[in-house]
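Contents: one structure, followed by commentary.
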Protein chains: 2
Amino acid sequence: MGDALEGTIALRVVVALRDDIVSMALKPGDVISESDIAGRYGVSRQPVREAFIRLAQQGLLLIRPKRATVVKKISPDGVRQSRFIRESIEVEIIRRVASHPGPNVGDVLGKLIADQEAASSANDSRRFHKLDELFHRTLARLAGVEYAWQLIDDHKMQLDRVRYLTLGVSSSQRAIAEHKQIAEAVGKGDVEAAEAAMRAHLGRAEVLLTQTIEDFPDYFE
Amino acid sequence: MGDALEGTIALRVVVALRDDIVSMALKPGDVISESDIAGRYGVSRQPVREAFIRLAQQGLLLIRPKRATVVKKISPDGVRQSRFIRESIEVEIIRRVASHPGPNVGDVLGKLIADQEAASSANDSRRFHKLDELFHRTLARLAGVEYAWQLIDDHKMQLDRVRYLTLGVSSSQRAIAEHKQIAEAVGKGDVEAAEAAMRAHLGRAEVLLTQTIEDFPDYFE
DNA sequence: GACAGTCATCTACCATACAAGATTGCGGAA
DNA sequence: TTCCGCAATCTTGTATGGTAGATGACTGTC
């Protein structure tokens, strides 16, 4: 998927660096300098500097004045609170959707789940991940708060870094089953069941975090 | 309150511009250029440019490449969703605090409310606003998710711009009464009552928005 | 050998100069 | 008068040079 030239140089550097960071090609604690990245991409230091500022505001980089810039280590407490934020919003979303379900909500969600099953059977984990994200984003759209999902998306990068460290353990079958539970409760208009299913779905990643910290202590602060 | 020299020039420009924007000294739709601001503050274009990037990421500025930079107009739908986000998180916070109230929670909240009453009597609206914010922030701290409040704070700037347009209508007495209701429910450990009181408290601003849009249509998109 | 002071070298920060696109207004033609 | 086209002049984007501060190693001293 060559998205080579989109807008300014600074934006290109942003997406390139962000991909490197969330994919763990740049590991937490790695030190990078403006000159270093500029030389690596064959551009000036100025766009790189602006990219650093953007990524620092997103919590992926830590700019230390007059010293150096490092890939921010993952904060366990930050991950906890990012999950808290996500759960708060997604629970409110699912309550809205379940209490006022549109006519074809069941069909839309059902199709997404079917696609996920296909991706799972084909062992296409990347597509599976995309569809998983789309499932939650669709719920936000159905609730009329798609913009709120962008907020979750920003903070989800922290969680994605952890997820990347635990690849293969994902047990996509379980996730699909949980999505089915959610969709079913929404179709019935059962608010309480939908909330419970969503909390269970989101809460499952909790144990993964503590395990990951033990496996990769250097990546956490 | 002279906070003249704190860190870099870029940071100073950031806080200066942000204050001007939320206080409506810079109105939505106003066009500003890097050179303009640079000349006004007697600095180079470079730090101003970096400040623009930060403020654009916070949703206060809109940088139009090769054209100009404008103070972003207030998006009614954005305000709605910011309120949705805030309500989602604060409800989850109040449920946590109410279900596991610490020993001296009542005293802490009671003192804050008393201070608010004092500020209200003295007609010190600025201090009242500060204390109002501190009340909610304290609840976040009691729930162990103070970082989540920073997130709310970022998005609260959008609401604050609206609030600034409706100054004087605030009816601080009513806000204090609602804070008392919340604190009381928390003290009793009544989760449902606490949630209801918080929703009522946050939902009160709804009517203000539609009224404000009619009064200042040029500031909204 | 251990330690303190100094200096080379790295960093992010700031200023300035140049480039490229977009807008606006002016001028000429129909 | 109206409309089309061109150019002066805005804007942001990019490149480069210089500066101050922090780090670390090296040297001189005890």
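All chains are named by letter (A, B, ...) in the order of the sequence lines, taking the proteins before the strands, and each is independently numbered beginning at 1.
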Specify the separation, in whole Å, of atom [atom1] of [X] and atom [atom2] of [N].
X       : N      : atom1 : atom2 : result
B/Lys66 : C/dT23 : NZ    : C1'   : 14 Å
B/Ile9  : D/dG21 : CD1   : P     : 13 Å
A/Arg64 : D/dA22 : CZ    : P     : 13 Å
B/Leu11 : C/dC14 : CG    : C1'   : 14 Å

Open item on the list: Check the phosphate of D/dT23 against A/Arg67, side-chain N and O only, distance under 4.0 Å to OP1 or OP2. Yes or no?
Closed with: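 A/Arg67 to D/dT23 OP1/OP2: side-chain N or O found under 4.0 Å.
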
TODO: Return no unless some side-chain N or O of B/Thr8 is found under 4.0 Å from OP1 or OP2 of C/dA12.
DONE: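 No, because none of the side-chain N or O atoms of B/Thr8 sits under 4.0 Å from OP1 or OP2 of C/dA12.
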
TODO: Please check if atom CZ in A/Arg127 has more than 12 non-hydrogen atoms from other residues, nucleotides or ligands closer than 6.0 Å.
DONE: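 No, CZ of A/Arg127 has 12 or fewer neighbouring heavy atoms, counting only those of other groups under 6.0 Å.
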
TODO: Answer yes or no: does atom NZ of A/Lys72 have more than 12 heavy-atom neighbours from other residues, nucleotides or ligands under 6.0 Å?
DONE: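 No - once you tally the heavy atoms of other residues, nucleotides and ligands closer than 6.0 Å, there are 12 at most.
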
- [ ] Identify, residue by residue, the members of residues 49-61 of chain B with a heavy atom below 4.0 Å from DNA chain C, and return them in order of residue number, or none.
- [x]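 Going residue by residue through residues 49-61 of chain B, none turns out to have a heavy atom under 4.0 Å of DNA chain C.
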
TODO: Using the salt bridge (charged side-chain N to carboxylate O under 4.0 Å, His left out) rule, take A/Arg199 and A/Glu90 through it: C-alpha gap first, then chi angles, then the decisive distance, then the call.
DONE: CA-CA 9 Å; A/Arg199 285 192 192 274; A/Glu90 291 230 52; over 6 Å; no

Task: Interatomic distance, A/Arg137 atom CZ to A/Trp149 atom CH2 [nearest 0.5 angstrom] - done: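 The distance works out to 8.0 Å.
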
Task: Stepwise side chain to side chain donor-acceptor pair (under 3.5 Å) check, A/Gln46 with B/Gln46 - done: CA-CA 10 Å; A/Gln46 187 61 28; B/Gln46 189 61 30; 3.2 Å; yes

- [ ] Using heavy atoms and a sub-4.0 Å distance, could you list which residues of residues 26-47 of chain B are near DNA chain D? By number, please.
- [x]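 Close to the strand are B/Ile32, B/Ser33, B/Glu34, B/Arg45.
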
- [ ] Report the C-alpha distance between B/Asp154 and B/Gln150 in whole Å, list the side-chain angles of each, state the deciding distance to 0.1 Å, and finish with yes or no for side chain to side chain donor-acceptor pair (under 3.5 Å).
- [x] CA-CA 6 Å; B/Asp154 286 346; B/Gln150 290 184 5; over 6 Å; no

- [ ] Indicate the atoms forming the closest heavy-atom contact of A/Gln81 with B/Ala148, along with that distance.
- [x]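 Closest heavy-atom pair between A/Gln81 and B/Ala148: OE1-N, 3.0 Å.
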
Task: Of all pairs that satisfy ring pair (Phe, Tyr, Trp, His ring centres under 6.0 Å), the ones with a partner from residues 199-221 of chain A, not counting sequence neighbours - done: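 Every pair satisfying ring pair (Phe, Tyr, Trp, His ring centres under 6.0 Å) with a residue in residues 199-221 of chain A: A/His136-A/His201, A/His179-A/His201, A/Phe216-A/Tyr219.
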
